[in-house]
Structure formats: C-alpha cells, structure tokens
Amino acid sequence: MPGLLLTHVLTRGRRRLSIRDELALAALPTAVVLLVLMLVDLLSEQQLLFSPLAASAFLIYMDPHHQMNTIRALTLSQVGGAILGTLFSLALGTNFLAAAVAMVVTIILMIVLDLVHPPGLATAMSFALQPGRRSDLAVFVLAVGLTVGLVLVQRRLWAWLGGRSEREG
C-alpha cells in the first residue's frame, strides 16, 4: 500500500507514458549521472559532493517542464548552493553550524529569488561539510553544465515520446 501511495504522489498531475517510454526517459538521466560520476572520479576526490546532481537528474526525468527544473532554477540553486556551502565552510569551519547556516541561507535565497530546486539544499550542505579545494567547485560547475544539457535533451525527448504516445493512443 505505501508503494501505491508513493506512486500516486510522484505521478499526480504528470501524464504517464508507456513503461517502455518511461524507461527510455529514465535512461538518459541515468547515463548523465554516471558520466558526471566518472568525470568527478577523474578530476576530484570529493565524489559525495556531486550526489545532489543525481536528485536533480531524477526530478528532470519526472517532469522536465516543471518550474523547479528550469535551467535558471537548476543552475542558480545548484551553483549557488555550492558557493554558499564553500563560503560558510571557510567562514565557520567544516561543521554542523556551517551546514545549517548554508542550508537556511540557501532556502531563503531560493524562495526570495523564486529559484526553488530542492537538491540545491543538499549541495549547500555537502559543500559546507566537506573540506574541499577550489577545483572541486570548478568541477561541480562543469557537472551542472552537463545536467543543464540533460534538461534540454529531456524536454525534447519528452515532447517526442508524448507526441508519439498520443498518436498511438
């Protein structure tokens, strides 16, 4: 029963496609996350800093046209969260206080600027809790760029599969 409730909550207001088309839509975000993970593994030693991008990829799969998945919201909340987390870590140390302040400031800015993209909160906290290097921030920005590319491709794929589904239905 809880699985059915979760399925209802996740799909409410979202037009479902065939299982084959849903899997096709999920394949691209999965591939992008794996590509980002490989890139991070080659360029950085802070793989956990990049896990919030997997949540972003899943949100993009669920509804690439939702306001929280706009390129503006995704980019500014993720990069902003990384910058805020880094700044508060430098100012307050790599600890709970830095993560808490980074999270609260990120929430406030997301709401005030209308850039709500929840994985950006995890990014802010991750960067506040991980002693990192400037190169980690640069690699993260590159990874966000790949995720933005995913948004563009996923929107096209969603439109194509949705149109095909309507013609077949």
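When reading the values below, keep in mind they use all heavy atoms of this one structure, side chains included, and skip hydrogens, waters and symmetry mates.
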Student: Using a distance-only test with no angle check, is there a side-chain donor-acceptor pair under 3.5 angstrom linking N69 and Q154?
Tutor: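 Result is no, nothing qualifies.
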
Student: Test V104 against I108 for side chain to side chain contact (heavy atoms under 4.5 Å, CB included), laying out the working first.
Tutor: CA-CA 6 Å; V104 169; I108 291 168; 3.9 Å; yes

Student: Answer yes if the side chains of T94 and Q130 hold a donor-acceptor pair under 3.5 Å, and no otherwise.
Tutor: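 Checked: T94/Q130 side chains show no N/O donor-acceptor pair below 3.5 Å.
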
Student: Could you tell me which non-hydrogen atom of S77 sits nearest to which non-hydrogen atom of L115, and how far apart they are?
Tutor: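 It is CB-O, 3.7 Å.
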
Student: Could you report the tightest heavy-atom contact between V116 and M68, atom names first, then the distance?
Tutor: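 For V116 and M68, the tightest heavy-atom pair comes out as O-CB, 3.0 Å.
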
Student: Under a 4.5 Å side-chain heavy-atom rule over Ile, Leu, Val, Met, Phe, Trp and Tyr, are V79 and L76 clustered together?
Tutor: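 Looking at the clustering, L76 is in a separate group from V79.
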
Student: Closest approach of M103 and L121, non-hydrogen atoms and distance?
Tutor: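 Looks like O-CD2, 3.8 Å.
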
Student: Please report the shortest heavy-atom distance between H117 and S56, naming the atom on each side.
Tutor: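 Looks like NE2-OG, 2.7 Å.
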
Student: Applying side chain to side chain contact (heavy atoms under 4.5 Å, CB included), run through T75 and T70 and close with a yes or a no.
Tutor: CA-CA 8 Å; T75 304; T70 65; over 6 Å; no

Student: List the atom of A128, the atom of A102, and the distance in Å for their closest heavy-atom pair.
Tutor: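 Closest pair (atom of A128, atom of A102, distance): CB-CB, 4.2 Å.
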
Student: Determine whether F88 and F127 satisfy the following criterion, ring-ring contact (aromatic ring centres under 6.0 Å, His included), listing intermediate values before the conclusion.
Tutor: CA-CA 9 Å; F88 286 111; F127 272 83; over 10 Å; no

Student: When clusters are formed by joining ILVMFWY residues with side-chain heavy atoms under 4.5 Å apart, either directly or through shared neighbours, do V153 and L53 land in the same one?
Tutor: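 Same hydrophobic cluster.
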
Student: Which pair of heavy atoms, one from G81 and one from T106, lies closest together, and at what distance?
Tutor: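 Scanning both residues, the minimum pair turns out to be CA-OG1, 4.3 Å.
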
